[in-house]
Amino acid sequence: MNLKDLNDCQLIISLKKCVEDEKKIIALVIEHLEEVERRKLYSELKYKNLFDYCMKELGYSHDQAYRRINAMRLSRNIPLVRKKLQQGELSLSNINMLSAHLKDNDITEKQQEKVVEAITNTSKRDCSMILDELLPRRSKPKSVSIRVSIELYEKLSVVMEDYGVDAEGALKLLLEFNEKRKIITEKVKKGRAVGKKRYIPKSVKLTALKRSNGKCQNCGSREKLQFDHIRPYAKGGQSKLENMRILCRNCNLREGIKVFGLKKMKRAGVERGS
């Protein structure tokens, strides 16, 4: 279709239809992302998490990926948000503003729905004013400047990119990772299984960790590492070195989904992505 061939009325009608289609597509993208996360399909493609997948596979910018994933998770927790998004009555910007305000306010499900109704079909500016009135945010603590080494700065940059957080959030994650690594190391030294009530010999654990260089052997993540049986324990797999590997939690869940199916994993208490 050549837009230059349309008369004024046809052009306006066509534009309105495109806008309506755009709203539907955004809602559809959000639903696709939720299903990809539910199946942990990004792990199949060797991505660390959904954010990593959105940026490197789908080509979204840092901000675009963050807003879509954030909107997807909020719509999953608040069904009315999903409905309003599908109807084109809530924009991604307004949904993300709502998410930020909800983090600072502990309110009931009914109160959440009232707030969603209040910001329905509002501009970004009006939405901000309504949320500031209904859900005032806590004041942020004073910030301080610190000097870091080039090595630490590079690590922070990687975490910021991978997880879609600012410098403060990246630093907190690094500290959490370091603490978890200490806990895992202590458990290995004591000969205890990590994350599972199955005995894995200490020598096997230490060798498996060393062989993996402390990273997930599928996606390379260093977060939430777990010992995984290549041939599942439930199917007779033994805790021998040749049957062991190190996977992050997401990749481990994906392997479980492939072997046992979504329904069985759900019955076993597998959580949705976070």
Side-chain angles (χ1 to χ4, degrees), residues 37-53 56 148-163 165 170-274:
E37 182 170 63
R38 189 173 77 95
R39 301 184 190 187
K40 299 292 183 287
L41 278 176
Y42 49 80
S43 293
E44 188 74 11
L45 299 174
K46 300 187 183 303
Y47 291 107
K48 298 176 184 178
N49 47 48
L50 186 60
F51 186 84
D52 193 35
Y53 168 78
K56 297 177 181 177
V148 298
S149 65
I150 294 177
E151 181 182 3
L152 178 55
Y153 176 77
E154 290 176 347
K155 289 182 178 180
L156 286 171
S157 298
V158 171
V159 176
M160 288 168 65
E161 180 179 349
D162 285 350
Y163 294 94
V165 294
L171 186 57
K172 287 180 180 179
L173 283 174
L174 280 179
L175 292 172
E176 289 176 7
F177 298 162
N178 187 56
E179 186 63 28
K180 289 174 183 176
R181 197 171 293 116
K182 288 181 180 178
I183 294 173
I184 290 176
T185 302
E186 286 301 314
K187 287 184 177 181
V188 169
K189 288 180 179 179
K190 293 178 182 179
R192 294 166 58 193
V194 177
K196 295 182 179 180
K197 295 180 180 179
R198 302 166 185 174
Y199 177 73
I200 303 172
K202 177 182 175 181
S203 59
V204 172
K205 291 180 181 180
L206 290 171
T207 305
L209 280 171
K210 184 176 180 181
R211 184 177 60 188
S212 71
N213 196 27
K215 297 188 294 185
C216 172
Q217 291 176 245
N218 182 59
C219 71
S221 173
R222 293 184 182 274
E223 182 189 10
K224 298 181 181 178
L225 299 180
Q226 300 176 341
F227 295 103
D228 177 60
H229 292 74
I230 297 173
R231 182 183 180 187
Y233 183 84
K235 292 182 176 291
Q238 298 183 353
S239 299
K240 295 182 178 180
L241 182 59
E242 58 268 24
N243 192 47
M244 300 304 300
R245 60 185 169 186
I246 302 298
L247 295 179
C248 67
R249 183 177 183 277
N250 286 333
C251 290
N252 202 356
L253 287 176
R254 175 59 190 168
E255 287 300 315
I257 290 171
K258 288 165 63 178
V259 174
F260 300 107
L262 274 168
K263 289 184 178 179
K264 190 168 183 178
M265 292 295 287
K266 187 176 181 180
R267 287 198 299 269
V270 173
E271 298 175 2
R272 293 175 294 187
S274 58

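Note: hydrogens, waters and symmetry copies are ignored here, and every other heavy atom, side chains too, is used.
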Worksheet entry | Side chains of Asn213 and Arg222 in contact at under 4.5 Å (non-hydrogen atoms) | yes
Discussion item. Please check this pair: side chain of Asn243 against backbone of Gln238, looking for a donor-acceptor N/O pair closer than 3.5 Å.
Written reply: yes
Worksheet entry | Separation between OG of Ser221 and CG of Asn49, rounded to the nearest 0.5 Å | 7.5 Å
Worksheet entry | Residues forming a side-chain hydrogen bond (donor to acceptor under 3.5 Å, both in side chains) with Tyr53, sequence neighbours excluded | none
Item to complete: Mind listing the closest non-hydrogen atom pair of Pro232 and Phe260 along with its distance?
Response: CB-CZ, 3.9 Å
Worksheet item: What residue pairs, at least two apart or across chains, pass salt bridge (Lys or Arg N to Asp or Glu O under 4.0 Å) with a residue in residues 229-247?
Response: Asp228-Arg245, Arg245-Glu255
Item to complete: Indicate the atoms forming the closest heavy-atom contact of Ile257 with Arg38, along with that distance.
Response: CD1-O, 3.7 Å
Practice prompt. Hey, could you give me the NE2/CG distance between His229 and Leu247, rounded to the nearest 0.5 Å?
Written response: 12.0 Å
Discussion item. Between Arg254 and Leu41, is there a side-chain heavy-atom distance shorter than 4.5 Å?
Written reply: yes
Response to the item:
Between the CD atom in Glu223 and the CG atom in Asn250, the distance rounded to the nearest 0.5 Å is 7.5 Å
Item to complete: Please report the closest heavy-atom contact between Tyr199 and Ser239, naming both atoms and the distance.
Response: O-OG, 3.4 Å
Worksheet item: What distance do Cys251 atom SG and Tyr42 atom OH have between them, rounded to the nearest 0.5 Å?
Response: 8.0 Å
Fill in: Exercise: identify the closest heavy-atom pair between Leu253 and Lys40
CD1-CE, 3.8 Å
Practice prompt. Quick one: pull up CD1 in Ile200 and CG in Leu241 and give me the separation to the nearest 0.5 Å.
Written response: 11.0 Å
Worksheet item: When you measure from the side chain of Ser212 to the backbone N and O of Leu209, does any donor-acceptor pair fall under 3.5 Å?
Response: yes
Discussion item. So, using side-chain contact (heavy atoms from CB on, under 4.5 Å) as the criterion, who are the partners of Ser149 when residues are at least two apart?
Written reply: Glu151, Leu152
Worksheet item: Just how far is it from atom CD of Glu37 to atom OG of Ser43, taken to the nearest 0.5 Å?
Response: 10.5 Å
Worksheet item: Minimum heavy-atom separation for Lys215 to Ile246, with atom names?
Response: O-CG2, 3.8 Å
Practice prompt. Heavy atoms only: give me the nearest Gly214-Leu225 pair and the separation to one decimal.
Written response: O-CD1, 3.3 Å
Worksheet item: Is there a side-chain contact between Lys46 and Asn218, using heavy atoms and a 4.5 Å cut-off?
Response: yes
